[in-house]
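Atom set for the values below is all heavy atoms of this structure, side chains included, hydrogens, waters and symmetry mates excluded. On a predicted model such as this, the values are computed, not experimentally measured, just so you know.
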Amino acid sequence: IGGGFRATSLVTATPTTAGRSILLGFTFESFSNPQQAFVSILQGSGSHTYANDTIQISKLNAVGQSHVFPEHSIVEWKSNDGKPVEGILIGAKLPVAENSTAESKARPLIVFTHCGPAMAELQTFIGVGSVCAKFPLATWAEQGYTIITPNYRGSSGYGPKARRSDYHDWGGNDYNDVLTSVTFLASKGLAKKDQVIHVGWSYGGYMSALVLTRAKTTHDIDLKAVVTGGTLSDLISHAGTTDITKIDRSWAGGYFWDSPELQQLMIERSGMYHIKNATAPTLMLHGIDDPRMPISQAFQLHYALQARGVTSRFVTFPTSGHIPSNPNQIKAVWDESLMWTKTHFPPQ
């Protein structure tokens, strides 16, 4: 109810004219059904409160309502340290038997890492795209890709302890949470470790830079392409240039100048310092006026890739901040992303 992280989500309660019950107005959506408005009467009191006479009062997005979207399911796997990770699997289904595989069903895999880290990929309406930047996950699945969306440690919705479990560990176990999804799906015959694309925006863009430069070394994963937006490639230069000036104290307990150990940690966890390992064609999308991840973060990654002869494309959005909100720019994100994956690793 309320649509998770949708900016238009609303839940409103007000007494009825008679004053004996509460009129509840809310929005509701599901993976395959667009957001709609409802009203309901709340009756009773305390733990005995219940909804009665729920009525749908909007009929928006008839095209989305009638469309048949790809199958999806919630899946769980173990990270490097054995902790469980949850995500949404789109366009494929796990084998029924615990130890069985489905090699014939392996399709190109797109790993989408959500922004945040204090966000999560939910079962909200897939027709409007992913959380943050609204990447076209459904379209990719319909084209023949399998999609996995890990809710890595630090994601919202799993309790305070889980939310803070990435403290002093950006690019560490959360990175492992993301890439072990590939290992897990490969073990089930639904993916191959040399047929992977990574997509992300904001913190997902930070993860894109890390995956681009470290996935082969740490998890023996060969990337076919990367699509990254609002990229964070260097934790060192990020300090002092971002509008969230205390973010380093929030996750790392200090700044890189506070200790040699902290400086080394940030270097190790920044994609820029592993750029010699990058080989995958990389599409970068960035708002020119981004205050959160300044555009210099993408410039330096693009420059390094160009200098090393790695195929890359850098698309900027005038007047856009951290995440595009202009409909034409959102369409450009879709068009550029779909063309990039089709060009560099088309579905079989």
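Between the side chain of T213 and the main chain of A278, no donor-acceptor pair closer than 3.5 Å is present. A donor-acceptor pair under 3.5 Å is formed between the side chain of T282 and the backbone N or O of A280. Checking side-chain atoms of E268 against main-chain N and O of G171 turns up no donor-acceptor pair under 3.5 Å. With T245 contributing its side chain and I247 its backbone, the two residues share no donor-acceptor pair below 3.5 Å. The backbone N or O of W340 sits nowhere less than 3.5 Å from a side-chain atom of T343 that would complete a donor-acceptor pair. Checked by atom type and distance alone, the side chain of R308 pairs as donor or acceptor with a backbone atom of K276 at under 3.5 Å. Proximity of a side-chain donor or acceptor of S208 to a complementary backbone N or O of G204 within less than 3.5 Å is detected. The backbone N or O of G154 lies less than 3.5 Å from no partner atom in the side chain of D166, so there is not a single donor-acceptor pair. Between the S40 side chain and the D53 main chain, no donor and acceptor come within less than 3.5 Å of each other.
Between D222 and K193 there is no salt bridge, since no side-chain nitrogen of the basic residue lies less than 4.0 Å from a carboxylate oxygen of the acidic one.
Between the side chains of Q36 and S58, at least one donor N or O lies within less than 3.5 Å of an accepting N or O. For the residue pair T316 / H286, no side-chain donor-acceptor distance below 3.5 Å is found, with atom types taken as modelled. Inspection of the Q297 and H302 side chains reveals no N or O donor paired with an N or O acceptor under 3.5 Å. For the 3.5 Å distance criterion, the side chains of Q123 and S30 fail to qualify, holding no donor opposite an acceptor.
By the neighbour-count criterion of 12 heavy atoms within 6.0 Å, atom OH of Y167 is densely surrounded, having more than that number from other residues, nucleotides or ligands.
D169 places a side-chain heavy atom less than 4.5 Å from the side chain of R269. Counting only heavy atoms from C-beta outward, the side chains of P294 and H238 approach each other to under 4.5 Å. Taking 4.5 Å as the limit, some side-chain heavy atom of V75 sits within range of a side-chain heavy atom of I148. Side-chain atoms of V111 and V182, non-hydrogen and from C-beta on, do get closer than 4.5 Å to each other. For the pair P324/W201, a side-chain contact is recorded, criterion being any heavy-atom separation below 4.5 Å from C-beta on. Side-chain contact check for N151 versus Y158: some heavy-atom pair is nearer than 4.5 Å. Within the 4.5 Å cutoff, side-chain heavy atoms of S155 are placed close to those of H114. Side-chain contact between W140 and L338: present, with at least one pair of heavy atoms (C-beta onward) separated by less than 4.5 Å.
With rounding to the nearest 0.5 Å, the separation of CG in D234 from CE in M272 is 6.5 Å. S233 OG to I275 CD1: the interatomic distance, rounded to the nearest 0.5 Å, is 8.0 Å. Here the CG-CZ distance, from N328 to F317, works out to 10.5 Å after rounding to the nearest 0.5 Å. To the nearest 0.5 Å, the span separating CG on L179 from CZ on R214 amounts to 9.5 Å. Rounded to the nearest 0.5 angstrom, S337 OG and I110 CD1 are separated by 9.0 Å. For the atom pair D289 CG and H322 NE2, the distance stands at 13.5 Å (nearest 0.5 Å).
Only one option out of D174, N176, D177, T183 pairs with S79 in a side-chain hydrogen bond (donor to acceptor under 3.5 Å, both in side chains); it is D177.
Taking the centre of each ring, Y203 and Y152 come in below the 6.0 Å mark. Two rings, from F314 and F299, have their centers less than 6.0 Å apart.
Note: the hydrophobic cluster containing W257 also contains Y273 (ILVMFWY, side chain heavy atoms under 4.5 Å, direct or indirect links). The same ILVMFWY cluster, assembled from side-chain heavy atoms under 4.5 Å apart, contains both I147 and I74. A single hydrophobic cluster is not seen to contain both L137 and V63; linkage of ILVMFWY side chains at heavy-atom distances under 4.5 Å, directly or through other members, places them apart. Tracing side-chain contacts under 4.5 Å through hydrophobic residues (I, L, V, M, F, W, Y), one never reaches F125 starting from V68; they form parts of separate clusters. I295 and I244 fall within the same hydrophobic cluster, where Ile, Leu, Val, Met, Phe, Trp and Tyr residues are linked whenever their side-chain heavy atoms come under 4.5 Å apart, directly or through other members.
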Q: Evaluate the criterion side-chain contact (heavy atoms from CB on, under 4.5 Å) for residue pair L235 and Y206; output intermediate values, then yes/no.
A: CA-CA 9 Å; L235 291 169; Y206 164 65; 3.8 Å; yes

Q: Determine, step by step, whether L89 and T146 satisfy the side-chain contact (heavy atoms from CB on, under 4.5 Å) criterion, reporting the C-alpha distance in whole Å, the side-chain angles of both residues, the deciding distance to 0.1 Å, and the verdict.
A: CA-CA 7 Å; L89 178 65; T146 294; 3.6 Å; yes

Q: Mind running side-chain hydrogen bond (donor to acceptor under 3.5 Å, both in side chains) on H219 and T180 for me, showing each step along the way?
A: CA-CA 8 Å; H219 291 76; T180 49; 6.0 Å; no

Q: Please assess K216 against N277 for the test side-chain contact (heavy atoms from CB on, under 4.5 Å), listing each intermediate value before the final yes or no.
A: CA-CA 8 Å; K216 178 63 177 177; N277 301 319; over 6 Å; no

Q) Where do E336 and L285 land on the side-chain contact (heavy atoms from CB on, under 4.5 Å) test, with the steps shown first? A) CA-CA 9 Å; E336 290 281 351; L285 309 161; 4.2 Å; yes

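Looking at every heavy atom in both residues, E121 comes nearest to F112 through OE1-CE2, 3.3 Å. Scanning all heavy atoms of the two residues, the minimum distance from K224 to D194 falls at CE-O, 2.7 Å. Shown here for W334 and T139, the closest heavy-atom pair between the two residues is CZ3-OG1, 3.7 Å. Closest heavy-atom contact between K188 and L94: CG-CD2, 4.0 Å. Smallest separation of non-hydrogen atoms from L212 and L223: CA-CD1, 3.7 Å. Of all heavy-atom pairs between W77 and G87, the closest is CZ3-N, 3.7 Å.
In this structure, R107 is not positioned above the aromatic face of Y145 in the sense of NZ or CZ being under 6.0 Å from the six-membered ring centre and within 45° of the axis.
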